[in-house]
There are 2 protein chains.
Amino acid sequence: MSTSTPLRSLNINNINPHVREAQYAVRGELATRAESYRAKLKKGHPPTPPDESLPFDTVISANIGNPQQLDQKPITFFRQVLSVLEYPPLLENEDVLINSLGYKQDVIDRARWLLSEVNSVGAYSQSQGVPGIRNSVATYIERRDGYPSDPGNVFLSAGASSGVNTLMNVICAKPETGILVPIPQYPLYTATLAVLNARCVPYYLDESRAWGTDLSAIKSAYQKAKEEGTDVRAIVVINPGNPTGASLSPEDVRSVIEFAAEEKLVVLADEVYQTNIFIGKFTSFKKGLRDLQKEQPKRFDNVELASLNSISKGMVGECGHRGGYFELVGFDNEVQAQIYKFVSIMLCAPVVGQCLVEMQVNPPREGDPSYPLYKQEWDGIAQGLQKRATALFEAFKDMEGVVCQEPQGSMYLYPTITLPPRALAQAERDRRAPDAFYCFRLLDATGVCVVPGSGFGQREGTLHFRTTFLAPGTEWVGRIRRFHEGFMEEFRG
Amino acid sequence: MSTSTPLRSLNINNINPHVREAQYAVRGELATRAESYRAKLKKGHPPTPPDESLPFDTVISANIGNPQQLDQKPITFFRQVLSVLEYPPLLENEDVLINSLGYKQDVIDRARWLLSEVNSVGAYSQSQGVPGIRNSVATYIERRDGYPSDPGNVFLSAGASSGVNTLMNVICAKPETGILVPIPQYPLYTATLAVLNARCVPYYLDESRAWGTDLSAIKSAYQKAKEEGTDVRAIVVINPGNPTGASLSPEDVRSVIEFAAEEKLVVLADEVYQTNIFIGKFTSFKKGLRDLQKEQPKRFDNVELASLNSISKGMVGECGHRGGYFELVGFDNEVQAQIYKFVSIMLCAPVVGQCLVEMQVNPPREGDPSYPLYKQEWDGIAQGLQKRATALFEAFKDMEGVVCQEPQGSMYLYPTITLPPRALAQAERDRRAPDAFYCFRLLDATGVCVVPGSGFGQREGTLHFRTTFLAPGTEWVGRIRRFHEGFMEEFRG
């Protein structure tokens, strides 16, 4: 890399201004600094003593929902099947797999079946995804909701992010196009809208009701946008919530669909945390919509819904494999054909990721040889998440100036923090937002990386941060608590 | 899916017009029809007799460079390592891997090292790619070109397509932004420019010089675009060529760089076929640029080059794993930071694909236990490609009205076809471009799917089609020859 010069074609002032405007804090300066600390602490080859100048011995990446980077073990069944998909000649040694390596018969059967569907995981699949895998997804959705699902409406994608990117590319027709986005939100949404030069129409979630949707807030945001000339075309809902950890009630789901029907908005339901539920039960938007259609077909039959899921979250946590899908409901045929064309330009989603989607939606069942271990691993991960969520929540309850909603779902807590005026003043001198100032101090003191609320959006005058509860153990929760005490002491008025 | 209605939010007339305008023929109607024939011929579960109404018993997908869908076997070393990466507990049974399954020690060593770099293939990596893998890429580039490469300038991507998408998103600043694109071209380029609402500035390759670049054609295309108010910012070169099969001479490479330096254009060098060379030697744009910089630093030091590579092509052919990389040379720091931010929105490239990139650029060497088999597999694939390329070329030489350049590189031939006037008239009645008409007839009669030249671009009044030479055997070449004879007979004036 070299410095700016007018001798080049590209400089910061003449590249795509919409790319320049996009913000994505989850992987910004804080994350980069955390990585540099991690590199300092890493023993080299040949071994060198790690850097001892840092006041901590591990970096805790609580900034991003990346379970396996934080030592969550993958589900054995999934990975045994993948090992065979990657090297099919293993099937010529079934006895070795079974007798020497402990693979069960259902691992071998699943691998054979997936290979018959994909031919090779090294081959491009159909752009919409492997047909047999889309069938499995449709079957899963049917079982989940009690309503039919058509595999012709299922699109496999490289994680949910890629699905969101596809849908937004198709929807955003002009600079006046707007999409309702919850605040706080996962910044993929605002970043993608910025790149596409379309408008984010923010609606605030109701922190006082555990970050539920607030219909009046949605309506007034919509009204205001319309008055400003925005052509609002869709509404994003993230359920369970990111960064909020909320799990929407059936009534909240219903009210969003009613509003979408009334105003003819596409519902973009980001449901990647659908199995990360601590309180209550997950209500899918598909089920909510079908229920309403049964009651009042005329009013709801034309609602367009795209619901997204991912292998990166849940107890699966296979982020690096980049798998996911979205199901389209009620979309116009010609529009759906354009979505197909758009995804075909990038050829296909990673085929191994597609195979993981298949196993995620069609895991071992009771009675299958791999079921007992699968169940044990699943429950272990779920309990670990619950335990750490509770530990964090309890810690936040005790911390001065920190208020946190009870964990309901997803992988995150999003506490409010109230900082002393002298901390705000210091942040201003450091030219940082106050929440970012707090997060940098936390990282530098403890090695714990979280993301400031300004990366997700928050009501003016409020401050938050988002932390995952994925890191193993709860020792690091103590680090946060001790840091916070010291920080408050340091800046007390 | 349901039919168009004004009750919906989205219809074909109000979605993003730039998505609507994009064309991507490689996976269009012909490919869809070929897939439907394949489904008809497939035996079901439980077995049903295949459809016998079709005049062929297999579909030959010569429309897309997808080697493993056409039964090219993956390289054993790569896949053995991947099987271990997917299921690391295999490393607890090294003796079984070695003694019962035939894995070599270098497979195990490589898997251990990659695991130490990625932690888990199920974890997100750094957005730019796993640092250790970027080191291997830089080492490969250094060895290939004889010039240093900085891993900080290497970005791992989900295939080269995703890299092209990233670069074009950053470059295309406004509707007047233009990028020079060779004609014929791989339609990713025009499709992406359409989606980004920027201008394709076409320059014709010289069919009479085996599809080499023609500097005067580039210059006049550039001049014309400037006069029309286009702000030309980059030039795409595909070497070896897709769909042309050309392999550029060092002189052609040099002249493109000289032109780019003169007009301050970014060079986007699509070099995904760099190991698919039949005649001569591959000259990378990086080497071309460094050579020129050594001679005349002042003139060439600020040239910006992005060169792309992929695991989908070469003898690797791991399309479904979606891996690739691009190296940036001479880019402005701030612009490079924007490229980083853009890729971070999609989190990271598939990690298994990244691991395949590592093995592609750092395969077993002479003396390594896996080398003999690796060498044998590599040579077998290379010879098979060469053999089928020659068989196709020879067949085309004998076919009436068909003229084809000698195969030099990549995976394609792109013959000119001259059709009888009565065929052109029939095509017009069928409302198809004449080359598309020919390709549909070929598919319906033989099961061989190729792509009409209109999908890649061709000089007005000329007709072509692109065929890969990946399908096993050469029997299908005979199918094309027989079809062509019959076709010419049918439409003879």
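Throughout, protein chains are lettered first and strands after them, A, B, ... in sequence-line order, and every chain is numbered starting at 1. Hydrogens, waters and symmetry mates are skipped; everything else that's a heavy atom, side chains included, is used.
The structure places NE2 of B:His18 at 10.5 Å from CG of A:Leu196, a figure rounded to the nearest 0.5 Å. Note that CG of B:Asn16 and CD of A:Gln338 are 9.5 Å apart. Values are rounded to the nearest 0.5 Å.
The closest side-chain heavy-atom distance from B:Asn11 to A:Glu334 is not below 4.5 Å. Within the 4.5 Å cutoff, the side chain of A:Arg8 has no heavy atoms near those of the B:Lys264 side chain. The shortest side-chain heavy-atom distance between B:Ser161 and A:Leu347 falls under the 4.5 Å cut-off. Looking at heavy atoms from C-beta onward, A:Asn119 lies in side-chain contact with B:Asp71 at the 4.5 angstrom threshold. B:Phe78 places none of its side-chain heavy atoms less than 4.5 Å from the side chain of A:Glu86. Here the side chains of B:Val170 and A:Arg20 are not in contact, with every heavy-atom distance at 4.5 Å or above. Taking 4.5 Å as the limit, every side-chain heavy atom of A:Val351 sits out of range of all side-chain heavy atoms of B:His321.
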Does A:Arg322 form a side chain to side chain contact (heavy atoms under 4.5 Å, CB included) with B:Tyr124? I'd like the steps, not just the answer. CA-CA 9 Å; A:Arg322 314 305 298 118; B:Tyr124 294 125; 3.5 Å; yes
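Closest of all the heavy-atom pairs between A:Pro17 and B:Ala173 is CD-O, 3.5 Å. Shown here for A:Tyr24 and B:Ser344, the closest heavy-atom pair between the two residues is CE2-O, 3.3 Å.
In terms of heavy-atom pairs under 4.5 angstrom with chain B, the leader among A:Gln80, A:Gln72, A:Lys73 is A:Gln80. The candidate with the highest count of non-hydrogen atom pairs below 4.5 Å against chain A, out of B:Gly159, B:Pro131, B:Cys348, is B:Cys348. Counting heavy-atom pairs closer than 4.5 Å to chain B, the top residue among A:Leu188, A:Thr76, A:Asn169 is A:Asn169. Annotation: maximal heavy-atom pairing with chain A below 4.5 Å, among B:Leu85, B:Val335, B:Leu97, B:Asn165, occurs at B:Val335. Ranked by heavy-atom pairs shorter than 4.5 Å toward chain B, the options A:Cys319, A:Pro350, A:Ser83 are led by A:Cys319. Among B:Gln354, B:Met346, B:Gln69, the residue with the largest count of heavy-atom pairs under 4.5 Å with chain A is B:Met346. By number of non-hydrogen pairs under 4.5 angstrom with chain B, the leading residue of A:Ser100, A:Ala191, A:Ala22, A:Pro74 is A:Ala22. Considering only heavy-atom pairs separated by less than 4.5 Å from chain A, the leading option among B:Ala234, B:Gly323, B:Ala260, B:Gly320 is B:Gly320.
Of the two parts of A:Val118, neither the backbone nor the side chain holds a non-hydrogen atom closer than 4.5 Å to a non-hydrogen atom of chain B. For a residue to count as touching a neighbouring chain, one of its non-hydrogen atoms must lie under 4.5 Å from one of that chain's; by this rule B:Tyr189 does not touch chain A. When heavy atoms are compared at a cutoff of 4.5 Å, B:Ala349 approaches chain A solely by way of its backbone atoms N, CA, C and O. Residue A:Val96 touches chain B through its side chain alone, counting heavy-atom pairs closer than 4.5 Å. Residue contact with chain A, scored on non-hydrogen atoms closer than 4.5 Å, involves the backbone and the side chain of B:Gln126 alike. Proximity to chain A (any heavy atom under 4.5 Å) is shown, for B:Val329, by neither the backbone nor the side chain. A:Cys172 touches chain B through its backbone: at least one of N, CA, C or O sits under 4.5 Å from a heavy atom, while the side chain does not. Of the two parts of A:Ile311, neither the backbone nor the side chain holds a non-hydrogen atom closer than 4.5 Å to a non-hydrogen atom of chain B. Heavy-atom distances place the side chain of B:Phe342, and not its backbone, under 4.5 Å from chain A. In this structure, chain B has heavy atoms under 4.5 Å from both the backbone and the side chain of A:Ser127. Heavy atoms closer than 4.5 Å to chain A are found nowhere in B:Thr177, neither backbone nor side chain.
Within 6.0 Å of CD on A:Gln23 lie no more than 12 heavy atoms contributed by other residues, nucleotides or ligands.
Looking at B:Glu304, its side chain does come within 3.5 Å of a backbone N or O of A:Ser9 through a donor-acceptor pair. Of the possible polar contacts, none joining the A:Asn93 side chain to the B:Leu101 backbone as a donor-acceptor pair under 3.5 Å is found. Between the B:Asn66 side chain and the A:Ala123 main chain, no donor and acceptor come within less than 3.5 Å of each other. At least one donor-acceptor pair closer than 3.5 Å links the side chain of A:Lys341 to the backbone N or O of B:Val19.
Shown here are the salt bridge (Lys or Arg N to Asp or Glu O under 4.0 Å) partners of B:Asp231, two or more places apart in sequence or in another chain: B:Lys174, B:Arg233.
When only modelled atom types and interatomic distance are considered, A:Arg79 and B:Ser120 share a side-chain donor-acceptor pair under 3.5 Å.
Separation of the B:Tyr87 and A:Tyr103 ring centroids falls under the 6.0 Å cut-off.
Just one residue in the list A:Leu167, A:Asp332, A:Ile171 forms a side chain to side chain contact (heavy atoms under 4.5 Å, CB included) with B:Leu10, and that residue is A:Ile171.
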